[in-house]
Amino acid sequence: MANYDVLNDMQKEAVFQTKGPLLILAGAGSGKTRAITHRIAYLIENCGVNPWNILAITFTNKAAGEMRERVDGLVGFGSESIWVATFHATCVRILRRYADRIGYDTNFTIYDSDDQKTVIKEVCKKLQIDTKMLKERTIMGAISAAKDALIDPLTYQMEAMGDFQKSKIAMVYAEYQRTMRSNNAMDFDDLICNTVELLRTDGEVLANYQNRFEYIMVDEYQDTNTAQFELIRLLAGGKRNLCVVGDDDQSIYKFRGANIRNILDFELHYPDATVVKLEQNYRSTGNILDAANAVIGNNTARKEKALWTEQDAGEKIHFKQLDTAFEEADFIAYDIGRKHRKLGMRFGDAAVLYRTNAQARLIEEQFIREGIPYNVVGGVNFYSRKEIKDLLAYLKTIDNGRDDVAVKRIINVPRRGIGATTIAKIQQYADDEGISFYDALCECEDIASIGKAASKIKPFVTMIQVFRSKLPIYGLEGLIKDVIETTGYVEMIEAEDEEDGQMRIENIDELISKMVSFEQENEEPTLSTLLEEIALVADIDSADENDDRVLLMTLHSAKGLEFEHVYLAGMEDGVFPGFMTITSDDKTELEEERRLCYVGITRAKQDLTLLCAKSRMVRGETQYNPVSRFLKEIPTNLIDGVVPTYKNPGYATYEPDAKPLHMFKQKPFYQTMAPQPQPDVVSNSTAKNFGLHNTNTTAGPRPKASVKPKVTQPQVKPFISKMTELPGVSKGMPQGGGALPYGVGDRVRHVKFGEGQVLSIEEGNRDHKVTVLFDDAQYGQKIMYALFAKLEKI
DNA sequence: CGTACTAGTCTTTTT
DNA sequence: GACTAGTACG
């Protein structure tokens, strides 16, 4: 039984208002997840609603998982039949069942932006559009924006009349959609708008879902775009028991189509809506909250509300300005180390937030030097790494032969001697016959122009067919291992002998683990569902909270999270708010950036440190940026250190502590470096209302080389560390045989590298790392995985 | 057909 | 400064 006494009055109002449209305006840290989960419990326990009739939609998998967990805790029985999923997962689920009604196969594949770009490129080639004049990026953005707004290719073309560039894009858009259809593939945006199309055109399907979803709840409603709005409108059209939760002040995804009007105009769309505001904050201290309120108060397009707290004012907000971005990073590392040693702070209670992913690198390097354990969230997605994408392309080809992008990706990886000309000829044949690229491969012997190359293609086709026929027998684990072995993928990496080869092999190992655990955790683990799950995961979802590590992430990634100690780095005009925002004529962009700042500040529970640097390197250029205008919007009495004021919007200089900063002691170049020209930013920014100083400097050697850590593999990927801890993984994996047929000192033979001597064997999670010194000096010493290396004892 | 080098490109966030 | 895509050459 859920206990509703833990709720405050406003939360209770939100929970007990079950009928009709309801808008919950929930400020940061106001317990909105608590309100939603209790509302679900209340529906089931007190209103006799069948869990099966409840739909809860979120944006991220993480949010969905969290909600599921908390609902499970509240609702004992039947909670598993509540439909809790992200927008995209919800649509996939619907489409897997009914996609055939809008001309797709139900086993369609999902394209990420990488695959998307490949298709766009091909389409441009076909339509003879010069991608130097009109960049793929621009086209992709335009198509995505069109889909977000539910504009189909035909309508787009009509609207583009008279506009040369837009007409070109319209042509690409139309051809792109045709290609996607014939590839039986959908991109992320398609998932949403194809579902909308399905619900709009098929009354039976619509009625089916409208009847099922008696109660619908949408989280982070301020981030919905037009297509998502329409989806919700359709689904909720029957019973109209729609509850949306959001905070217009935390709308930070305009760039991907989010329409803030959806939440601001909710009462216009649903005139009978009840509105409940949650304004009591349970997260942050008074000072932090005051700062957040002061900043966001400068926005005009917002619903009036003010967060308040019963907590004390707490510590003041710390502000520190340093000379360079390097010192900024160093200070953070030093300060976190200090708090850990002196105040017993857990590393896991601290987070460093920044505007752009590129800022992470410098901070990482300093953390390594100071020995601060950390995790970087985001950056390059695990599944978008080359080696992983290659192997996934094999799996996609096996799963859906119509996926041309996947087939073309791997047809010559590893090398099979099938080059560009052959591929072009096959494509030509496929186009002429109106069949897929893969089907054309199957008929390669009939293609006159191909000639001898057919002898190279045939084994490839046979191989794929063998994989397909063996799949039901050996399952996913067997399949991936067979693919790796048969194609010789790992040997290819070893032969390339790149510096990151080891890491790439480890990544492949992780993919295997992922597939093994997927097979164990799912009742019916099919290849399609595996690929689908992979397509819909972002890296943030795998951040592990139990790890005692400082988290490094972008402000966007931080939404929905909270930390005792928060460092906001790069508080400079030009970085945050970004250069583009400052120079843009569109004022709403600055407001969006300010909301991002509001999100950042409100992540902190008790300790917030704001940092900036007088100069930093951005894309090989040294920039001199003034203090962020957002920082100046915080009342000075809330900040310690030297503070910029409204009256004197000049440059706040901060005199570092008198003591010799310990953190510089190992960096001799600081003393020896040629003094850089330091422009007088105070006068500059006063004179030119904070204009951005983007000074090109060629002066002085760059600190970079001496900073770069020698450690080859400094990045701790949260993803991987989590994977290895997944229950059941070790069970399912071979233990490297337990006892290898060889030991340290033995002579062994490798297929490619010849004979050598085993220098050491290191026991890994699932496999042994074997170091071998090969006789052939060309190969020398190599570290390899026993599972793949297939070493023979001599 | 494959490799090695060069030139152009960077927003900014995510499913 | 770093990465990627495209091109020229072997």
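Chain A is the first sequence line, chain B the second, and so forth, proteins listed ahead of strands; every chain is numbered from 1.
One can place CD1 of Ile411(A) at 14 Å from C1' of dC1(B), the figure rounded to the nearest angstrom. As a whole-Å value, the separation of Glu592(A) CD from dT14(B) C1' is 13 Å. In this structure, Arg409(A) atom CZ and dA5(C) atom P are separated by 10 Å, rounded to whole Å. One atom, CG of Leu353(A), and another, C1' of dT13(B), lie 13 Å apart when rounded to the nearest Å. Rounded to whole angstrom, the span from the CD atom of Glu621(A) across to the P atom of dT9(B) amounts to 15 Å. Arg137(A) places its CZ atom 14 Å from the C1' atom of dG8(B), with the value rounded to the nearest Å. One atom, CE of Met133(A), and another, C1' of dT9(B), lie 17 Å apart when rounded to the nearest Å. In this structure, CZ of Phe87(A) is placed 14 Å from C1' of dT14(B), rounded to the nearest angstrom.
Distances shown here put every side-chain N or O of Asn61(A) at or beyond 4.0 Å from the OP1 or OP2 atom of dT14(B). An OP1 or OP2 oxygen of dT13(B) is reached within less than 4.0 angstrom by a side-chain nitrogen or oxygen of Asn357(A). Between dT14(B) and Ser557(A), a contact under 4.0 Å exists linking OP1 or OP2 to a side-chain N or O. Contact check, Thr554(A) against dT12(B): no side-chain N or O comes under 4.0 Å of OP1 or OP2. The phosphate of dG1(C) has neither OP1 nor OP2 within less than 4.0 Å of any side-chain N or O from Arg361(A). At the phosphate of dC1(B), OP1 or OP2 sits under 4.0 Å from a side-chain N or O atom of Thr421(A). In terms of phosphate contacts, Lys135(A) brings a side-chain nitrogen or oxygen within less than 4.0 Å of OP1 or OP2 of dC10(B).
Asp189(A) comes within 4.0 angstrom of no nucleic acid atom, judged by non-hydrogen atoms across all strands. Residue contacts for Gly417(A): at a heavy-atom cut-off of 4.0 Å it reaches the sugar-phosphate backbone alone, with no base atom in range. Nucleic acid contact for Leu596(A): none, since no nucleic acid atom lies under 4.0 Å from a heavy atom of the residue.
For Arg415(A), whose side chain is taken as the heavy atoms from C-beta onward, the closest listed nucleotide among dG2(B), dG1(C), dA5(C) is dG2(B). Taking every side-chain heavy atom of Phe255(A) into account, dT14(B) is the closest of dA5(C), dT11(B), dT14(B). For Thr422(A), the side-chain atoms get nearest to dC1(B) when compared with the rest of dT13(B), dA5(C), dC1(B).
Taking 4.5 Å as the limit, some side-chain heavy atom of Leu561(A) sits within range of a side-chain heavy atom of Lys62(A).
Side-chain contact, Tyr111(A) with Asp403(A): a donor N or O sits under 3.5 Å from an acceptor N or O. Looking only at atom types and distance, the side chain of Asp249(A) has no donor-acceptor partner in the side chain of Asn299(A) under 3.5 Å away.
Ring geometry for Phe108(A) against Tyr104(A) counts as perpendicular: the plane angle is over 60°, on a 0 to 90° scale with 30° as the lower cut.
Residue-to-nucleotide proximity on DNA chain B shows that, of Asn412(A) and His88(A), the 5′-proximal contact is made by Asn412(A). In terms of position on DNA chain B, the residue among Lys456(A) and Tyr253(A) whose nearest nucleotide sits closer to the 5' end is Lys456(A).
For Arg355(A) against dT13(B), a side-chain-to-base donor-acceptor contact under 3.5 Å is present.
Exactly one residue among Thr90(A), Val84(A), Thr224(A) makes a side-chain contact (heavy atoms from CB on, under 4.5 Å) with Ile57(A). That residue is Thr90(A).
One finds a salt bridge joining Asp115(A) and Lys396(A) here, because a Lys/Arg side-chain nitrogen approaches an Asp/Glu carboxylate oxygen to under 4.0 Å.
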